[in-house]
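Encoded as structure tokens, the structure appears first; notes follow it.
The shown structure was predicted, so the numbers you read here are calculated from the model rather than taken from an experiment.
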Amino acid sequence: MALQFKLSSAAPTGFDCDCVVVGAFADGSLTDAARALDAASDGRLAALVSRGDASGKAGKTALLHDVPGVSAPRVLVVGLGEAGKFGVPQYLKAVGDAARALKAGPVEHALLTLAAVPVEGRDSAWAVRQAVIAADHACYRYTATLGEKSRSKLETGLATLTVQGDAETALAQGQAIAAGVQFARELGHLPPNVCNPAYLAAQAQEFCGRFETTSCEVLDVAAMEALGMGALLAVGRGSANAPKLIAMKYTGAGDAKPYVLVGKGITFDTGGINLKVQGGVEEMKFDMCGAATVMGTFVSAVGMKLPINLVVVVPAVENMPDADAYRPSDVLTSMAGITIEVGNTDAEGRLILCDALTWSRKFEPAAVVDVATLTGACMVALGKYASGLMTKHDDLATELTDAGEHVFDRAWRLPLWDEYQPMLDSTYADVYNIGGRWAGAITAGCFLSRFTEGQRWAHLDIAGSASDEGKRGMATGRPVGLLSQWLIDRAGS
């Protein structure tokens, strides 16, 4: 059951719920709501903090019972860290800590007062919106492929979170973005025997069928062959699951030029003939997280009813080795007419993206951003904390990085200089699909740039930010937050 959200400006001392969430700082000082509870209880809260039964250290939570003078039977004290260092990341962490502490257990309805704690450089609307997103992310449960016994273990716990504040629009935006993040995560988590190209297409069609402002177009292999998408189709040749090219369209601004998001949708990546033998192949269901992200952003934009036009394009393909699979040394002809020598079949993402980017020109976009779990090199460079951003447009780079900073879904710009382009030279085709050992993330961006000449284009490499590692690792839903904020900013401008 999805977490429900409400707003209230009522005093926390008399609020009717199962638990009131308040904050404390590392020096023992309390937030305004915590001070109100402390006053109602004749100093009980401050006494418990001072003797260590509750802590203001970041990451600490303490559940107190039957605090005198407080209507709620429980008070959760969340550590906010040092008061002088409390900012955006500390706020988001505190909200997530609170939600995780109440995710399972007897508390069904809680009041979150942390949205009233001042965050430098952010207003109350931001605090409400991001509280919803952070809490929903923390409370998300994956159940789609669990058996009934395992699933039933996750059916208790927090069901309703009332956020202290009065920003109704921000609450609605937060719920829409949270739904987009959850949509993206759910697609990322589904196993590849479920989430194949046809499934992605069906999910897009089902969602777009709900609204008068949305529509969906799906191209099959025959349609892509007629368009000359030789690069995209080559990648899918080794799979029994046929490729699909999906376009989700939202009309919220009449005949204005649309923003176009293109997401890499490799629903499983074996590496092809260059089979992944270094480990990690079991995590390659996440290689469609670019597709999941742009589809999730579409969900959030529609939910927010943004006054923009948006097109999301997903090349959905499975990269498998079989008798008909494409090979190293093959020369492919892309939709743009550019020939490509295959140096490695595990550099397949750029091959499906180049045809999708070429096809996207038909929409005459105001800007186009592609999103892809494209290179391990980007993960080596930036780790899990930032998405790699490449573009030749300084203004677009600023828009995207500012949006990411605003919501703490950050991107870091890498160079896309012409000096890197010769690393893609080929004797037998117009371009080689890999650039060698060095600057792998950048040369991948350089490859894509050859198919976006004359367009206002940016590339986001989310190989590190899209998912956690290991068998318990989950999709993060990033960068739905960054892209949603970027679209909010565009709607506002």
ring-ring contact (aromatic ring centres under 6.0 Å, His included) pairs, two or more places apart, involving residues 342-362: Trp359-Phe363
If the threshold is 4.0 Å, N to carboxylate O, is there a salt bridge linking Asp269 and Lys276? yes
Salt bridge flag under 4.0 Å for residues Glu453 and Arg361: no
Is it the case that the side chain of Asp322 and the backbone of Ala240 share a donor-acceptor pair, with hydrogens and angles ignored and the cut-off at 3.5 Å? no
Glu283/Lys471 salt bridge by N-O under 4.0 Å criterion: no
Is it the case that the side chain of Gln485 and the backbone of Leu482 share a donor-acceptor pair, with hydrogens and angles ignored and the cut-off at 3.5 Å? no
Is the backbone of Leu146 close enough, under 3.5 Å, to the side chain of Ser150 for a donor and an acceptor to pair up by distance? no
Nearest 0.5 Å, what's the CG-CE distance between Leu400 and Met390? 12.5 Å
Run the salt bridge (charged side-chain N to carboxylate O under 4.0 Å, His left out) test against Arg450 and tell me which residues pass, sequence neighbours left out. none
Relative to each other, are the rings of Trp457 and His459 parallel, tilted or perpendicular (30° and 60° limits)? parallel
Check ion pair Lys264-Asp461 (N to O, under 4.0 angstrom): no
Just grab all the ring-ring contact (aromatic ring centres under 6.0 Å, His included) pairs involving residues 255-277, residues at least two apart or on different chains. Tyr259-Trp486
Check whether any side-chain N or O of Asn433 sits under 3.5 Å from a backbone N or O of Asn344 as a donor-acceptor pair, and report yes or no. yes
When rounded to the nearest 0.5 angstrom, what distance separates OG in Ser300 from CG in Leu483? 8.5 Å
State, yes or no, whether a side-chain contact exists between Val368 and Val313 at a heavy-atom distance under 4.5 Å. no
Between the side chains of Tyr140 and Glu186, is a donor N or O closer than 3.5 angstrom to an acceptor N or O? yes
Is the shortest heavy-atom distance from the side chain of Leu200 to the side chain of Thr267 under 4.5 Å? yes
What about Trp126 and Tyr91, are their ring centers closer than 6.0 Å? yes
Could you walk me through whether Gln130 and Leu92 pass side chain to side chain contact (heavy atoms under 4.5 Å, CB included), step by step? CA-CA 7 Å; Gln130 296 307 129; Leu92 297 176; 3.7 Å; yes
Evaluate the side-chain proximity of Leu227 to Glu225: yes if any heavy-atom separation is below 4.5 Å, no if none is. no
Do Arg350 side-chain atoms and Cys446 backbone N/O form a donor-acceptor pair below 3.5 Å? no
What residues, two or more places apart in sequence or in another chain, satisfy side-chain hydrogen bond (donor to acceptor under 3.5 Å, both in side chains) together with Ser334? none
Distance col, row Asn196:CG vs Met288:CE, nearest 0.5 angstrom, shows 10.5 Å
Going by the rule side-chain hydrogen bond (donor to acceptor under 3.5 Å, both in side chains), which residues pair with Thr401 if we only count those two or more places apart in sequence or in a different chain? none
Would you call Asp395 and Arg456 a salt bridge, taking side-chain N to carboxylate O under 4.0 Å as the test? yes
The side-chain contact (heavy atoms from CB on, under 4.5 Å) partner of Val294 among Ile246, Val312, Leu310 is Val312
Could you grab the distance from atom CD of Glu318 to atom OG of Ser239, nearest 0.5 Å is fine? 3.5 Å
Atom pair OG1 (Thr391) and CG (Leu414), whose distance is rounded to the nearest 0.5 Å: 12.0 Å
Salt bridge (charged side-chain N to carboxylate O under 4.0 Å, His left out) against Arg100, all qualifying residues, sequence neighbours excluded: Asp97
Does the separation of the ring centres of Phe451 and Phe447 fall below 6.0 angstrom? yes
Is the closest basic N to carboxylate O distance between Asp136 and Arg185 below 4.0 Å? no
Under 3.5 Å donor-acceptor, Ser484 side chain and Ile177 backbone: no
Please assess Met224 against Met335 for the test side chain to side chain contact (heavy atoms under 4.5 Å, CB included), listing each intermediate value before the final yes or no. CA-CA 9 Å; Met224 287 185 276; Met335 182 181 175; over 6 Å; no
